[in-house]
J.: 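Here it is: the structure, laid out below.
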Amino acid sequence: MDHLHSSRITAALVVFIALPTSTAYAASGTFIYHSSAGDFSITDPPLRVCEPLHDGAANALNQTNATATLYFDGNCQNPWGSLQSGQFTNFFGDLPHSVRFGS
C-alpha cells in the first residue's frame with residue numbers, strides 16, 4: 001500500500017470517528033411535569049438514564065419521541081408505568097419521583 005493511499009484511509013477514519021453520535025443517545029422533544037415545587041421540563045433527555053422528578057410529579061406530558069417510564073422511587077427501581085409519546089396523565093396517591101426514556 002502506498003503512502004498516499006494509506007493517508008486517505010487514515011483521513012477517512014478520522015472523519016468517521018469525529019461524526020456526532022449524540023442523536024442516537026437522546027430522545028427528541030420535551031417532557032413536562034408539575035409538582036408541588038413548580039413546573040419543570042426535561043428537554044432532549046438522554047436515553048436509558050434515570051432522571052429525578054422534583055418533589056414527585058402530580059401530572060406529566062410526554063412530548064418526546066421516546067417512551068417515558070416513570071418510577072415511584074428516585075432511583076428508577078420501582079416502576080409506576082409508562083407514557084408513550086404525546087400522552088398526558090394526572091397522578092393520584094403515590095407520585096412518581098423519577099423517569100427514564102427509551103426502552
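Keep in mind that the numbers below use all heavy atoms, side chains included, and drop hydrogens, waters and symmetry copies.
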J.: H97 side chain to L53 main-chain N or O, any donor-acceptor pair under 3.5 Å?
T.: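 Side chain of H97 to backbone of L53, a donor-acceptor pair under 3.5 Å: no, none is there.
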J.: Does D73 offer a backbone N or O that forms a donor-acceptor pair with the side chain of S98 under 3.5 Å?
T.: yes
J.: Please answer: with hydrophobic residues joined when any side-chain heavy atoms are less than 4.5 Å apart, are L70 and F40 in the same cluster?
T.: yes
J.: Show the atom names and distances, to 0.1 Å, of all donor-acceptor pairs under 3.5 Å that link a side chain in residues 79-87 to residues at least two apart or in another chain.
T.:
{"from": "Q84", "atom 1": "OE1", "to": "T67", "atom 2": "OG1", "distance (Å)": "3.0"}
{"from": "S85", "atom 1": "OG", "to": "T64", "atom 2": "O", "distance (Å)": "2.6"}
{"from": "Q87", "atom 1": "OE1", "to": "Q84", "atom 2": "N", "distance (Å)": "2.6"}

J.: Looking only at heavy atoms, which two atoms of A57 and F91 are closest? And how far apart?
T.: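 In this case the closest contact between A57 and F91 is O-CD1, 3.1 Å.
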J.: Could you report the tightest heavy-atom contact between P52 and Y33, atom names first, then the distance?
T.: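 That would be O-OH, 3.9 Å.
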J.: Kindly give the heavy-atom pair with the smallest separation between R48 and R100, and that separation in Å.
T.: CA-CG, 3.6 Å
J.: Just so I know, are the side chains of Y25 and L47 near enough to count as touching, which here means a heavy-atom distance under 4.5 Å?
T.: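 Y25 does not reach L47 side chain to side chain.
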J.: Got a donor-acceptor contact below 3.5 angstrom from the S35 side chain to the H54 backbone?
T.: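 Checked: pair present.
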J.: Has D44 got a side-chain atom pairing as donor or acceptor with G29's backbone, closer than 3.5 angstrom?
T.: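 Pair found, side chain donor or acceptor close to backbone of G29.
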J.: Identify the two heavy atoms, one from F101 and one from A68, that lie closest to each other, and give their separation to 0.1 Å.
T.: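 What the structure gives for the nearest pair is CE2-CB, 3.6 Å.
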J.: Find out if a path of hydrophobic residues (ILVMFWY) with successive side-chain heavy-atom gaps under 4.5 Å connects L61 to V99.
T.: no
J.: For A37 and D55, work out which heavy atoms get closest and say how close.
T.: CB-OD2, 3.1 Å
J.: When you measure from the side chain of N78 to the backbone of F72, do you find a donor-acceptor pair of N or O atoms at a distance under 3.5 Å?
T.: no
J.: Are D39 and H34 close enough that a side-chain donor and a side-chain acceptor fall under 3.5 Å?
T.: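 The criterion, which ignores hydrogens and geometry beyond distance, is satisfied for H34 and D39.
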J.: Restricting to non-hydrogen atoms, name the atom on Q77 and the atom on Y71 that form the minimum distance, rounded to 0.1 Å.
T.: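 Looks like N-CD2, 3.7 Å.
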J.: What's the separation between atom CD in Q63 and atom CZ in F88, rounded to the nearest 0.5 Å?
T.: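 If I round to the nearest 0.5 Å, the distance is 11.0 Å.
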